[in-house]
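What follows is a single structure, written as structure tokens, with notes after it.
Only this structure's heavy atoms are used, side chains among them; waters, hydrogens and symmetry mates stay out. Whatever order the structure lists ligands and atoms in, that order sets their numbers, starting from 1.
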Amino acid sequence: MIKIQLADRVKNLPPYLFATIDKMKQEALSKGVDLIDLSIGDPDIPTPAHIVAAMKKAVEKPVHHRYPSYEGMLSYKEAVADWYKQRFNVSLDPKTEVLSLIGSKEGIGHIPLAFVNPGDVVLVPSPGYPVYPVGTLFAGGESCIMPLKEENGFLPDFKAIPEDVLKRAKLMFLNYPNNPTAAVASEGFFKEAIALAEKYNIIICHDAAYSEMYYDNQKPTSFLDVEGAKDVGIEFHSLSKTYNMTGWRIGFAVGNKDVIAGLGKIKTNLDSGVFQAIQEASIVALQTEDSILSRIRKTYQDRRDALYEGLKGLGIHINKPKATFYLWAKVPTGFNSTTFVAHLLEKTGVLGTPGVGFGAPGEGYIRFALTQPVERIKEAVERIKNAL
Ligand SMILES: *Cc1c(COP(=O)(O)O)cnc(C)c1O
């Protein structure tokens, strides 16, 4: 028997803060609790039928059964460029400014390998998607946290970042509309970020996974639609949330061609691209009629309204989301995020996610995901009312 020892980069992974919650959830389920799970950021609505139909056709084609091209089929990348033009009026060269990804998580996790040397700094928003600091750690980089505070509209305060940190920074992750805070960013904020990136030579990686999950017809802007963005960075995108395709594993990165090429180099050496049948079905997805997407947005908006109005009525401090399918609420006094989640689960069977799980600055908040039907959300509010 040999001694199996984990590498330091795995040993050094931050503790999995959702482990206690997972355990409590399993215990509740085994006791037969009627759980209302609002903890998972995964759409409960199936992929639209026309996309599934396109996949059925594509999967029959033997040409797709072979290795795909590494950087993605040109037809898929052209569909991405067309979508960007139509949605954001941003022009992209499909050959050099678009890269297919096995879900955007894959690209986000890999990009530090292309640009970060051991000891380099990566600027990471917190609370935030855990893949930003983990990808940084795997590349030997050092995460510098940019706290997202409510008084700043959950935007990072660039002026608070020390000069020496900025000088060592190679990469900055941003994510708007934001998971978990549901904040959106203005063009002015992106301009500020671009100016900073130019001054200190920092690559900006903007994660736009939620750009199509918006409310009240207020469409979020693309980072790439801001002047100078393509000189400093890229945007990550995903079909997961827009088309309810989380299980399909497809996304893309677009923008600065040198950054795209660098990420492409890592991928060429690690993976062999996205199953072409999925790429072909995704072309159809990207051409989805707006009426279908409007219906999906309406479903989430009804849920948002039910949960937002419901919780607000109970005196819970909460900002009304303009985008994403999350609500980011302050936990009542006397609790921290973990004890409140535990309390809610025990008293009501409603499960949220403790804010601290997204990073220390998330302490004091709970995230609810709108991944249950309106009736269940109303039931959740009713139960919370009775428990408070
Ligand atoms: C869901 C999500 C993604 C999308 O991940 P995929 O790998 O494309 O499914 C990316 N970023 C954030 C912040 C997310 O919440």
Any salt bridge linking E60 with K56? Criterion: basic side-chain nitrogen under 4.0 Å from a carboxylate oxygen.
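No, no charged N to carboxylate O under 4.0 Å.
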Salt bridge check: are R297 and D290 linked by an N-O gap of less than 4.0 Å?
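Yes, charged N to carboxylate O under 4.0 Å.
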Is NZ or CZ of R304 both nearer than 6.0 Å to the six-membered ring centre of F325 and within 45° of the ring axis?
no
Modelled atom types, side-chain donor and acceptor of D207 and Y132, under 3.5 Å:
yes
Residue contacts for ligand 1, heavy atom to ligand atom, distance under 4.0 Å
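Only G103, S104, K105, Y129, Y132, N175, N179, D207, A209, Y210, S238, S240, K241, R249 have heavy atoms that fall under 4.0 Å of ligand 1, ordered by chain and number.
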Looking only at the aromatic ring of each residue, does the gap between the centers of F236 and H206 stay below 6.0 angstrom?
no
Distance-only donor-acceptor pairs under 3.5 Å for side chains of residues 106-114, two or more places apart:
from	atom 1	to	atom 2	distance (Å)
E106	OE1	I102	N	2.8
E106	OE1	K267	NZ	2.7
E106	OE2	H110	ND1	2.9
E106	OE2	K267	NZ	3.2
H110	ND1	E106	O	3.4

